[in-house]
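Below: the structure, in structure tokens.
Throughout, protein chains are lettered first and strands after them, A, B, ... in sequence-line order, and every chain is numbered starting at 1. The analysis underlying the following values was restricted to heavy atoms, covering all of them including side chains, and did not include hydrogens, waters or symmetry mates.
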2 protein chains.
Amino acid sequence: MNTFSLSVNGLTRCQNGSAERCVSATGYLQRSYDSLAVIVTGFHASKLDSVLPCGQTNEHDFIDAIAGVALSQDETTARGRATAEMVAQRANVSRVAVSRAFNPHASLKPAKRELILRIAQELNYTPDRAARALVSGRSHLVGVIVPDVCSHWESQEIDALTTALQAEGFATLLFKTRIDYSMDEQLLAYMRGFNPDSVIAFVENVKPATLARFLDRAVPIYVHYPRSGAPEESQAGPLHDRLNVLHRTGVEQAVSLLQGYGVRRIAYVSGVDKSRANTAREHMLRVVMAERGLAPPIIAASDFSYDRAYAATLDLFRVGEGADAIFAANDVGAFGVIDALRHELNLRVPEDVKVVGFDDIAQSHWKSYNLTTVKFDLEERVRALVRLILRRLNNPDAPALEETLNTRLVVRGTVG
Amino acid sequence: MNTFSLSVNGLTRCQNGSAERCVSATGYLQRSYDSLAVIVTGFHASKLDSVLPCGQTNEHDFIDAIAGVALSQDETTARGRATAEMVAQRANVSRVAVSRAFNPHASLKPAKRELILRIAQELNYTPDRAARALVSGRSHLVGVIVPDVCSHWESQEIDALTTALQAEGFATLLFKTRIDYSMDEQLLAYMRGFNPDSVIAFVENVKPATLARFLDRAVPIYVHYPRSGAPEESQAGPLHDRLNVLHRTGVEQAVSLLQGYGVRRIAYVSGVDKSRANTAREHMLRVVMAERGLAPPIIAASDFSYDRAYAATLDLFRVGEGADAIFAANDVGAFGVIDALRHELNLRVPEDVKVVGFDDIAQSHWKSYNLTTVKFDLEERVRALVRLILRRLNNPDAPALEETLNTRLVVRGTVG
DNA sequence: ACGGAAAGTGAAAACGTGTTCATTCTTCAC
DNA sequence: GTGAAGAATGAACACGTTTTCACTTTCCGT
């Protein structure tokens with residue numbers, strides 16, 4: 001067969017390849033990464049030969065060369081990965097022992113385990129997750145459904161989520177749904193084929209029938225925008241795992257601050273109409289304002305986006321009666337509000353109108369906005385979510401769990 | 001066994017469950033989704049019974065109920081998914097026929113295929129991708145390595161990528177690497193376990209040894225920031241698949257525009273030091289400026305981030321000599337530049353200093369920035385990338401492919 | 001009607017792992 | 001030295017597909 005093999009550190013061999021090219025490449029590798037064993041095997045000799053840089057090379061050229069080879073690799077070696085059988089053979093143990101070596105809970109003589117792991121590393125072996133999933137029923141994949149990865153809040157949450165899951169041996173499987181926050185059946189069926197162990201949906205208007213299609217597997221599904229979790233809403237005990245957010249704390253701080261400045265007319269530029277995040281925020285704002293003797297907020301309909309918040313603000317002042325202060329359902333919406341006020345209505349923020357957002361995304365501290373906002377600790381939230389998921393996966397029959405997170409006001413330049 | 005089963009449309013049955021609860025739920029489902037078959041099966045009857053809402057219910061309550069059941073589902077039914085065997089049995093065909101029914105290229109009598117697909121749908125069956133991957137060697141997963149999902153450019157690219165891959169029957173498997181744009185071996189080994197069919201790395205400083213660990217499988221790896229692809233750099237023929245971007249066009253337009261305003265001192269606020277995107281952009285700027293008789297740009301070191309671009313701009317004017325116009329290596333960096341100029345240095349943009357970015361991300365049209373920028377068509381780029389990947393997967397031995405994309409200047413408010 | 005090509009079919013063999021179960025080896029107290 | 005308990009071991013099976021390989025049926029032109 002037309003193969004090429006190249007090893008660095010210890011044994012250096014070439015088969016069916018041009019010797020000097022191999023040595024040149026080897027030398028380069030040794031110079032750059034001398035403590036590392038590199039094994040390259042199973043290519044069209046002709047291709048590797050014509051591609052490997054000779055003489056002095058820089059790193060980029062070498063990467064290009066290797067990448068080029070990887071791309072044109074021989075089909076016959078596609079399954080060339082080391083298998084547990086090979087490791088077992090080389091270590092003079094049974095294949096089962098190899099499996100056990102990679103499972104920390106299995107009992108295996110420490111010396112044996114060490115030997116197996118060493119040989120496995122030499123052969124660049126890791127257990128095949130597809131096979132493992134097939135027999136264990138665990139794919140170690142977590143499906144994440146999101147309407148728009150670019151939305152700041154979502155992207156930051158996906159980022160933290162991926163980090164947390166990765167640390168626990170899981171991987172994030174990303175799916176996009178329609179932008180209107182609905183999750184269609186087709187997508188769910190599609191995703192189901194990948195066997196995720198759990199699903200986190202950044203959408204809300206989930207149809208029962210859609211969810212039902214998932215129910216023939218024990219897949220915990222987390223509809224991601226949590227209940228408002230205000231004390232007055234809490235019930236005897238949760239029916240299922242739940243993540244609550246206490247909007248009250250942050251909202252009270254914000255309203256109190258605004259009252260200190262003598263604000264009278266407060267408007268709310270909303271999020272997507274029936275979404276829980278929007279409902280909870282608007283509701284809490286209404287409750288807190290009523291408690292403090294303020295008239296109900298003026299509602300300007302929007303959908304969490306910059307553009308619609310911008311337009312809603314124009315309407316509020318041109319068609320409507322305006323306001324002294326504006327709450328936006330999220331920070332991105334608040335950016336739209338601020339830009340509309342400053343650049344189209346020629347109003348000053350915060351002198352003429354004060355603005356408060358929700359979320360505290362990374363962009364909120366940018367100087368052009370410098371937004372005062374109700375912070376929703378993202379890292380903490382993701383940690384709690386991953387904790388819920390893992391606990392549920394490890395113990396499917398445990399009683400329902402509930403985690404509660406608090407909010408607080410971050411005061412910046414758009415108030416005061 | 002302690003099971004509950006509920007069907008809507010046609011046959012409506014309850015087993016071991018409270019009849020009226022079942023009927024109530026059924027009625028709700030029928031009212032809401034009357035054209036849909038809903039099959040719920042395999043739960044702890046006690047749990048479903050205590051959870052299902054009775055009488056008038058709203059959608060949210062019902063979702064909560066179903067979700068609660070999904071979470072507390074019986075362990076024994078975890079593998080309760082329909083299998084090809086069951087479909088075959090019910091359709092009176094062999095299991096192989098079922099497999100063929102789901103493979104468009106396999107030959108099967110149309111009537112038979114139709115029957116099988118109908119029954120499969122009834123049973124909510126889809127082929128198990130883990131099993132399929134095991135035997136076919138194709139996981140239909142594409143690994144995406146990214147240092148920071150939140151970065152605007154990356155998040156928009158991930159979004160488009162996911163959409164495109166989803167349409168082709170693939171899914172995006174997301175991994176995070178370190179923020180310094182390096183890709184560590186550990187991550188690659190970890191990812192390898194998931195058997196991605198291809199890997200797209202949004203990182204550049206890839207070590208050969210790191211890549212080599214992937215080379216025992218035929219996995220096309222795309223290091224994502226492309227070569228500058230300027231004509232003077234192009235070679236005889238590409239050694240491997242490659243995506244080129246012609247920065248020249250957009251940069252020429254930008255420099256020409258600036259010259260028209262009599263700009264003399266041009267600065268460049270850079271990206272991550274040795275990254276290709278940064279290198280290519282700086283290089284092209286240098287070349288074009290030289291061609292037009294301008295002095296070389298003043299370099300202000302940054303790393304693509306808002307905060308460092310902000311700081312670099314302050315340095316440029318406080319320690320250095322300032323500039324009439326500033327190119328930023330990316331749009332986010334340009335936002336930092338603009339904010340530093342306006343809010344800390346009290347300079348006007350564009351009157352005192354003109355600013356140009358690279359990328360044209362969605363935020364660039366926001367009124368606070370309204371950035372003039374060199375557009376890099378994201379959708380087009382992702383389409384090209386997916387095209388390359390699929391062609392390579394379908395035909396691993398095809399000659400190397402090359403796609404070239406152009407750029408153009410989008411003129412907004414930060415120049416002129 | 002006839003032959004041959006093409007299409008359709010199902011039994012069996014992979015794919016690479018985790019798990020169970022009966023067996024063997026080690027350890028330790030007496 | 002003995003017995004028993006516990007740890008360590010490997011053979012065999014299971015997981016749900018796709019693929020290969022003979023074999024049978026259908027189709028079509030003469």
Side-chain angles (χ1 to χ4, degrees), chain A residues 75-89 91-116 120 123-140 169 192-195 197 216-218, chain B residues 75-116 120 123-141 169 192-195 197 216-218:
Chain A
E75 178 75 354
T76 59
T77 64
R79 301 302 275 273
R81 275 188 61 171
T83 173
E85 187 66 49
M86 301 184 201
V87 177
Q89 219 163 333
N92 262 335
V93 297
S94 79
R95 195 184 50 72
V96 185
V98 178
S99 169
R100 280 199 254 263
F102 279 88
N103 188 338
H105 302 301
S107 81
L108 192 65
K109 218 181 254 177
K112 203 171 198 172
R113 164 168 283 141
E114 205 172 327
L115 170 71
I116 292 175
L123 264 55
N124 203 12
Y125 166 82
T126 45
D128 185 321
R129 286 191 119 106
R132 183 179 266 187
L134 186 58
V135 61
S136 72
R138 284 283 167 83
S139 63
H140 286 256
R192 215 176 65 104
F194 286 97
N195 281 341
D197 288 340
D216 56 356
R217 277 197 72 219
Chain B
E75 178 75 354
T76 58
T77 63
R79 301 301 274 274
R81 277 187 61 172
T83 174
E85 186 66 49
M86 302 183 200
V87 177
Q89 219 163 334
R90 191 128 151 193
N92 263 335
V93 297
S94 81
R95 193 171 43 71
V96 185
V98 177
S99 171
R100 279 199 255 263
F102 279 87
N103 188 339
H105 303 300
S107 78
L108 192 66
K109 218 180 255 180
K112 204 171 197 172
R113 163 169 283 141
E114 205 173 327
L115 171 70
I116 292 175
L123 264 54
N124 202 13
Y125 166 83
T126 45
D128 184 322
R129 285 191 119 106
R132 178 180 272 188
L134 186 59
V135 60
S136 71
R138 285 284 168 83
S139 63
H140 285 254
L141 297 173
R192 214 177 65 104
F194 287 97
N195 281 341
D197 288 341
D216 56 356
R217 278 195 71 218

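- With rounding to the nearest 0.5 angstrom, the CD1 atom of A/Ile116 is 12.0 Å from the NZ atom of A/Lys109.
- In terms of position on DNA chain D, the residue among B/Ala131 and A/Ala106 whose nearest nucleotide sits closer to the 5' end is A/Ala106.
- For B/Ser107 and C/dA7, the shortest distance from a side-chain N or O to OP1 or OP2 is not below 4.0 Å.
- Judged by distance alone, with hydrogens and angles left aside, A/Arg129 brings no side-chain donor or acceptor close enough to the base of C/dG16 to form a pair under 3.5 Å.
- Rounding to whole angstrom units, CD1 of residue A/Ile116 and C1' of D/dG10 are separated by 12 Å.
- Taking only side-chain atoms of B/Ala97, from C-beta outward, the nucleotide of C/dG10, D/dT17, C/dC15 with the closest atom is C/dG10.
- Between A/Lys112 and D/dA7 there is no side-chain polar atom (N or O) within less than 4.0 angstrom of OP1 or OP2.
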Side-chain donor-acceptor distances from residues 125-132 of chain B under 3.5 Å, at least two apart:
unit_1: B/Thr126; atom_1: OG1; unit_2: A/Arg192; atom_2: NH2; d: 3.4
unit_1: B/Thr126; atom_1: OG1; unit_2: B/Arg81; atom_2: NH2; d: 3.2
unit_1: B/Asp128; atom_1: OD1; unit_2: A/Asn195; atom_2: ND2; d: 3.0
unit_1: B/Asp128; atom_1: OD1; unit_2: B/Ala130; atom_2: N; d: 2.7
unit_1: B/Asp128; atom_1: OD1; unit_2: B/Ala131; atom_2: N; d: 3.3
unit_1: B/Asp128; atom_1: OD2; unit_2: A/Asn195; atom_2: ND2; d: 3.2
unit_1: B/Arg129; atom_1: NH2; unit_2: B/Gly169; atom_2: O; d: 3.0

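- With distances taken from any side-chain atom of B/Leu134 to the nucleotides C/dT20, C/dG10, C/dG16, the minimum falls on C/dG16.
- Remark: B/Ser94 OG to B/Gln89 CD distance equals 12.0 Å, nearest 0.5 Å.
- No hydrogens or angles were tested; on distance alone, a donor-acceptor pair under 3.5 Å links the side chain of A/Arg95 to the base of C/dG18.
- Contact check, A/Thr83 against C/dT17: a side-chain N or O comes under 4.0 Å of OP1 or OP2.
- If you check every strand for non-hydrogen atoms under 4.0 Å, A/Tyr125 touches sugar and phosphate atoms only.
- Side-chain proximity of B/Val135 to C/dC15, C/dT9, C/dT20: nearest is C/dC15.
- Nearest-nucleotide positions on DNA chain C for A/Lys109 and A/Ser99 put A/Ser99 closer to the 5' end.
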